[in-house]
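Some notes on the structure that comes next.
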Amino acid sequence: GAGEVPGRQRPSTPALGRAPSSDHLIWEVRSDASLGRVSFDGRYIPFLSNNDERGQLLDGRELFVRDGQSGAIRRLTTSAGDRGATNEAAPGDDWCVCAFSRDARQLAYVWWTYAPRGQRGSSWRAELRILRLDRPALEPPRVAFPGDENTWIEPSDWTPDGRWIAAQIFDRPTATARIALVSSETGIPRVLKTLPADRLNGSLALSSDGRYLAAMVREDDSIDSDILLLDTRDGREVLAVARPGDDMLVGWAPSGDGLLFTSRRSGSADLWIIPIVNGRPGTARMLKPGFGHSGQVGVTAAGMLFHQVRF
C-alpha cells in the first residue's frame, strides 16, 4: 500500500552471467524504517525506526534487527544517555549505516551521541560501535572508533576472519575521505586510499575472500559514479567500472569472481555484472533490464539479492 516499503528478494546467481529470476516479496515495512545491509547468510536485516516492536512511537530512532527465519523483530539499542536532554535529531538518523560480520554474530554500526558544550553550543559525534547479537541483555556495545565533531565513520563490510571492517572515514576540516580497513579490536584504521570527500559516493563491498574492495567514486567534476577496485594487500587500484552512465555498486557475486552494479549506460537503470579475475575486470554484461538504481540491501552467500522498493 501507499507509504510502505516492501523488501524484495531478487535471486541473483552464483553462476556468472545468468539472469535473476522473479522477485519474491519477503517483508513489508513501515515507511519510517531505514534498512541496512542484509547479513551474509540472509537471515538478518537491520533497520532504524521511530517505532518499537509493538508499533509504539519512540522518543528517537533506534536500531532493530529482523530475523528472517522467525519473523521476530528485536530492538538492539536505546538512545537514553546518548542524546542528553535534547530532542534534536541526530545528523545520521535517516540512514541505517551498519554491517554484519560474515558469521552474522556481530554488527558494526554508527551511533550518534550528543555532547553538550555549554554556551558554545552542542556537538554531535559519530561513534563506530560493535555489538554481539548473543550478548547478555545488559552488556553494552563496544566503541571501536570514537570519532569526534570533525571526524565521522561509515562501516560497510567485514573481512571473512572478522578482524577488519571496511569503512569510509570523513574529515570535515580537510574535506577528505579515507577508504580504510578498521581493526575490529583496536579501532586503528589501515588506510587504502585518501581522496576528496565529494568524490566518494556510496558504500564499500569486499570480495568473498576479503582480497578486493569495491568503492563508488566520482571522477573529476562528474555527477556520475564509477566503481574503483582496491587490492587490500598492496593497495593497488584499478577502475573496474567506468562511464558511460551512472554506475552504482550493488555487491559481489558470492563466488567473488564478479561485481554486480546498476547502470544507465543503456538508457534505463539496468542490473549488470562484470567478471573480476585476479583483480582485473573483464567485459560487463546486462543481467536484468529496468532493475532500478536505488534500494539495494545486499547480496547473500546463497546468491540472493535483497532489494527494497518504495510504493
Side-chain angles (χ1 to χ4, degrees), residues 4-10 24-80 82 90 92-113 126-145 153-158 160 162 165-167 184 203-206 251 295-302 304-310:
E4 296 178 344
V5 186
R8 291 189 181 270
Q9 178 175 286
R10 298 179 181 263
H24 175 62
L25 178 65
I26 59 168
W27 185 27
E28 293 187 6
V29 227
R30 290 184 298 267
S31 59
D32 74 288
S34 171
L35 303 187
R37 186 181 293 270
V38 66
S39 61
F40 202 52
D41 61 3
R43 179 173 178 177
Y44 300 111
I45 297 179
F47 65 97
L48 289 173
S49 178
N50 290 320
N51 297 274
D52 66 13
E53 303 92 321
R54 300 177 299 278
Q56 299 298 310
L57 186 65
L58 299 167
D59 290 335
R61 289 170 73 78
E62 303 292 351
L63 181 62
F64 298 82
V65 65
R66 180 184 186 270
D67 187 331
Q69 291 185 0
S70 65
I73 292 176
R74 176 184 170 193
R75 181 174 171 178
L76 300 179
T77 64
T78 174
S79 60
D82 282 340
D93 267 356
D94 291 336
W95 304 280
C96 186
V97 183
C98 55
F100 274 105
S101 58
R102 296 297 175 94
D103 61 9
R105 294 181 179 178
Q106 299 183 88
L107 182 66
Y109 63 100
V110 171
W111 197 247
W112 290 86
T113 62
E127 297 179 343
L128 175 62
R129 298 184 176 186
I130 299 175
L131 59 76
R132 295 187 298 112
L133 260 64
D134 61 353
R135 77 193 195 285
L138 296 179
E139 180 181 297
R142 179 166 55 86
V143 177
F145 187 94
I153 187 170
E154 296 183 2
S156 293
D157 207 347
W158 292 62
I165 299 169
S184 60
S203 63
L204 314 172
L206 280 162
Q296 308 348 311
V297 186
V299 184
T300 71
M304 309 302 287
L305 172 54
F306 281 63
H307 182 77
Q308 68 180 37
V309 180
R310 186 179 298 274

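No experiment lies behind these values; they were computed from the predicted model shown.
Every residue two or more places apart in sequence or in another chain was checked for a side chain to side chain donor-acceptor pair (under 3.5 Å) with N50, and none qualifies. Under the rule for a side chain to side chain donor-acceptor pair (under 3.5 Å), the partners of T77 that lie at least two apart in sequence or sit in another chain are E62. Annotation: salt bridge (Lys or Arg N to Asp or Glu O under 4.0 Å) contacts of R66 (sequence neighbours excluded): none. Under the rule for a side chain to side chain contact (heavy atoms under 4.5 Å, CB included), the partners of N51 that lie at least two apart in sequence or sit in another chain are R30, D32, S49, L57. Residues satisfying the side chain to side chain contact (heavy atoms under 4.5 Å, CB included) test with A167, not counting sequence neighbours, are I153, V182.
Minimum heavy-atom separation, A166 to L204: C-CD1, 4.1 Å. The shortest heavy-atom contact between R37 and G298 is NH1-CA, 3.9 Å. For P155 against A108, the heavy-atom pair with the smallest separation is CG-O, 4.0 Å. Among all heavy-atom pairs drawn from I165 and L128, the shortest one is CD1-CD2, 4.4 Å.
Counting heavy atoms from C-beta on, the side chains of S184 and Q106 never come closer than 4.5 Å. L206 has its side chain within reach of R102: a pair of non-hydrogen atoms, C-beta onward, lies under 4.5 Å apart.
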Under the side chain to side chain contact (heavy atoms under 4.5 Å, CB included) criterion, do W111 and V143 qualify, and how do the steps go? CA-CA 9 Å; W111 197 247; V143 177; over 6 Å; no
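With hydrogens and angles disregarded, no donor-acceptor distance shorter than 3.5 Å links the side chain of R105 to the backbone of D134. Judged by distance alone, with hydrogens and angles left aside, the side-chain atoms of R132 form no donor-acceptor pair with the main-chain N or O of E139 at under 3.5 Å.
The one candidate from F306, W27, F64, F100 that meets the ring-ring contact (aromatic ring centres under 6.0 Å, His included) condition with Y44 is F100.
Under the salt bridge (charged side-chain N to carboxylate O under 4.0 Å, His left out) criterion, the residue pairs touching residues 38-56 are R43-D67, D52-R54, with sequence neighbours excluded.
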